[in-house]
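Nothing fancy with the numbering, it's 1 onward along the sequence.
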Amino acid sequence: MTRPTLLITGGAKRIGARIAHRFGAAGWHVVIHYGQSRADAEALAAQLPSAECVGCDLADPDAGVAMVEDLARRLGDWRILVNSAAVFRYDDARAMDADVFAEAMTVNAQTPTRMAQAFLAHARAQTGRRVIAITDMKLANPNPDFFSYTMAKHALSSTVRMLAMGAAGPQDRVYAIAPGAMLPSYDQQPHEHETSGRMNLLGRLTDPAEIADAALFLADGWLASGETLFVDSGQHLLAQPRDVLYLARGG
């Protein structure tokens, strides 16, 4: 295989699918990870010049590591790991849900971190390897909604600089991209997203393609390892008392 390769977790849908399309168009071989969306992953792979699908339940960290180690054995130029998959379930600051917390910390923090460690230890690349964690602008603009989800994203974010310092080689880079409101989420209707998606400094809907462009920039650019890019039209610079999903409803 002559194309450079990247793996995108949760690559069958939403932001992960946008990243897959962008890298596919740029000449990369795209490995699309799916959990329960095999049909969507295979349909997406069929649209790309060079792609394959891998299934794995990220609620099992050992399975995530095994998937990375298997890919590392057979891929000759695996340069990028994008940890995009996440669970987004509701609880709030008044009463953390123990089950929601346990799932969020595993899927959104522990598994992607262990996969990043395995990738940096085993993947072969003709140039330096790069890990890109998809976090959230809530890191800088927190609110009490989706409490466990936000805690887990903070945990994942904290690993970026530590992995850059302690696990990456001289040519490797570890980054994060922190998106704002881009797509309808949770139980949100499209017309509600039209309102909530504009609750940022620029008053505009941020296109998910901007995340894909940022990921491609990080794949080839030389931003210092350990950095986080906020792609949210300035949403993280605001102070919003609730998730924009509820602000748009007047909640």
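A distance of 10.0 Å separates CZ of Phe217 from CD1 of Ile177, quoted to the nearest 0.5 Å. Rounding to the nearest 0.5 angstrom, the gap separating the OG1 atom in Thr127 from the CG atom in Asp77 is 6.5 Å. A distance of 10.0 Å separates OG of Ser196 from NE2 of His191, quoted to the nearest 0.5 Å. Atom CD of Gln117 and atom CG of Leu81 lie 11.5 Å apart (nearest 0.5 Å). A distance of 11.0 Å separates CG in Leu218 from CG in Asp213, rounded to the nearest 0.5 Å. Here the CG atom belonging to Asn143 is positioned 6.5 Å from the OG1 atom belonging to Thr150, to the nearest 0.5 angstrom.
Residues Leu163 and Leu58 are members of one and the same hydrophobic cluster, defined by side-chain heavy-atom contacts under 4.5 angstrom among Ile, Leu, Val, Met, Phe, Trp and Tyr. Hydrophobic clustering places Ile132 together with Leu223 (ILVMFWY residues linked when any side-chain heavy atoms are closer than 4.5 Å, directly or through intermediates). Note on Ile15: it clusters hydrophobically with Leu229, by side-chain heavy-atom contacts below 4.5 Å among ILVMFWY residues. In terms of hydrophobic clustering, with Ile, Leu, Val, Met, Phe, Trp and Tyr side chains grouped at heavy-atom distances under 4.5 Å, Leu71 and Met115 are assigned to a common cluster. Grouping the Ile, Leu, Val, Met, Phe, Trp and Tyr side chains by contacts below 4.5 angstrom, directly or via other members, places Ile134 with Val30.
Looking only at atom types and distance, the side chain of Ser50 has a donor-acceptor partner in the side chain of His29 under 3.5 Å away.
The backbone N or O of Leu7 sits nowhere less than 3.5 Å from a side-chain atom of His33 that would complete a donor-acceptor pair. No donor-acceptor pair closer than 3.5 Å links the side chain of Asp145 to the backbone N or O of Arg242. Between the side chain of Asn83 and the backbone N or O of Thr113 there is no donor-acceptor pair closer than 3.5 Å. Of the possible polar contacts, one joining the Thr106 side chain to the Ala102 backbone as a donor-acceptor pair under 3.5 Å is found. Using modelled atom types, one side-chain atom of His193 and one backbone atom of Met182 make a donor-acceptor pair closer than 3.5 Å. Side chain of Glu192 to main chain of Gln189: a donor-acceptor pair is present (N/O by atom type, distance under 3.5 Å, no hydrogens or angles).
The two atoms that bring Thr135 and Tyr149 nearest to each other are O-OH, 4.2 Å, heavy atoms only. In plain terms, the two heavy atoms of Ala155 and Ala109 that are nearest each other are CB-CB, 4.0 Å. In plain terms, the two heavy atoms of Ala45 and Cys53 that are nearest each other are CB-SG, 3.8 Å. Among all heavy-atom pairs drawn from Asn108 and Ala86, the shortest one is OD1-CA, 3.2 Å. Nearest approach of Ala20 to Gly11, heavy atoms of both residues: CB-O, 4.4 Å. Closest of all the heavy-atom pairs between Val244 and Ala181 is CG2-CB, 4.0 Å.
Residues Arg14 and Ser84 form no side-chain contact, since every pair of their non-hydrogen atoms from C-beta on lies 4.5 Å or further apart. Contact of the Val174 side chain with the Ser225 side chain is registered, since non-hydrogen atoms from C-beta on lie closer than 4.5 Å. A heavy-atom distance below 4.5 Å is not found between the side chains of Leu6 and Arg79. In this structure the side chain of Thr9 never reaches within 4.5 angstrom of the side chain of Pro112, judged on heavy atoms. Looking only at side-chain heavy atoms (C-beta outward), Leu75 and Glu52 come within less than 4.5 Å of each other. With contacts defined as side-chain heavy-atom distances shorter than 4.5 Å, the pair Thr228/Arg161 does not qualify. Inter-residue side-chain proximity for Phe23 and Ile8 is flagged as unmet; no heavy-atom pair is nearer than 4.5 Å. Between Ser148 and Arg89, every side-chain heavy-atom pair lies at or beyond the 4.5 Å cut-off.
Residues passing the salt bridge (Lys or Arg N to Asp or Glu O under 4.0 Å) test with Glu69: none are found, sequence neighbours excluded. Qualifying salt bridge (Lys or Arg N to Asp or Glu O under 4.0 Å) partners for Arg129, counting only residues two or more places apart in sequence or in other chains: Asp172. For Arg73, there are no side-chain hydrogen bond (donor to acceptor under 3.5 Å, both in side chains) partners, not counting sequence neighbours. Listed by chain and residue number, nothing satisfies the side-chain hydrogen bond (donor to acceptor under 3.5 Å, both in side chains) test with Arg173 (two or more places apart in sequence, or in another chain). Legend: residues meeting salt bridge (Lys or Arg N to Asp or Glu O under 4.0 Å) with Arg198, ordered by chain and number and at least two apart, are Glu194. Every residue two or more places apart in sequence or in another chain that forms a side-chain hydrogen bond (donor to acceptor under 3.5 Å, both in side chains) with Gln240 is listed here: Asn141, Gln235. Residues that satisfy the salt bridge (Lys or Arg N to Asp or Glu O under 4.0 Å) test with Asp57, not counting sequence neighbours, are absent from this structure. The side-chain hydrogen bond (donor to acceptor under 3.5 Å, both in side chains) test applied to Arg204 returns Glu210, Ser233, not counting sequence neighbours.
Grouping Ile, Leu, Val, Met, Phe, Trp and Tyr residues whose side-chain heavy atoms lie under 4.5 Å apart, directly or via other members, places Phe230 in a hydrophobic cluster with Met137. Leu237 shares a hydrophobic cluster with Leu201, Leu238; the chain of contacts runs through ILVMFWY side chains whose heavy atoms sit under 4.5 Å apart.
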(request) Please assess Leu44 against His21 for the test side chain to side chain contact (heavy atoms under 4.5 Å, CB included), listing each intermediate value before the final yes or no. (result) CA-CA 8 Å; Leu44 175 57; His21 275 291; 3.2 Å; yes
(message) Please evaluate residues Lys138 and Asp243 with respect to the criterion salt bridge (Lys or Arg N to Asp or Glu O under 4.0 Å), reporting the C-alpha separation (whole Å), side-chain torsions for both, the decisive distance (0.1 Å), and the verdict.
(response) CA-CA 9 Å; Lys138 287 175 180 282; Asp243 190 279; 2.6 Å; yes
(request) Test Asp136 against Lys153 for salt bridge (Lys or Arg N to Asp or Glu O under 4.0 Å), laying out the working first. (result) CA-CA 7 Å; Asp136 199 294; Lys153 286 295 186 177; over 6 Å; no
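Among pairs with a residue in residues 60-79, those fulfilling ring-ring contact (aromatic ring centres under 6.0 Å, His included) read Trp78-Phe119, at least two apart in sequence or across chains. The ring-ring contact (aromatic ring centres under 6.0 Å, His included) contacts involving residues 153-187 comprise Phe146-Tyr186, where partners must be two or more places apart or lie in separate chains.
Each of Asp207, Ile211, Leu183 was scored for a side-chain contact (heavy atoms from CB on, under 4.5 Å) with Arg18, with one residue passing: Leu183.
Enclosure of atom CZ in Arg74 by more than 12 non-hydrogen atoms of other residues, nucleotides or ligands within 6.0 angstrom is indicated. Counting non-hydrogen atoms of neighbouring residues, nucleotides and ligands closer than 6.0 angstrom, the CE atom of Met96 exceeds 12 such neighbours.
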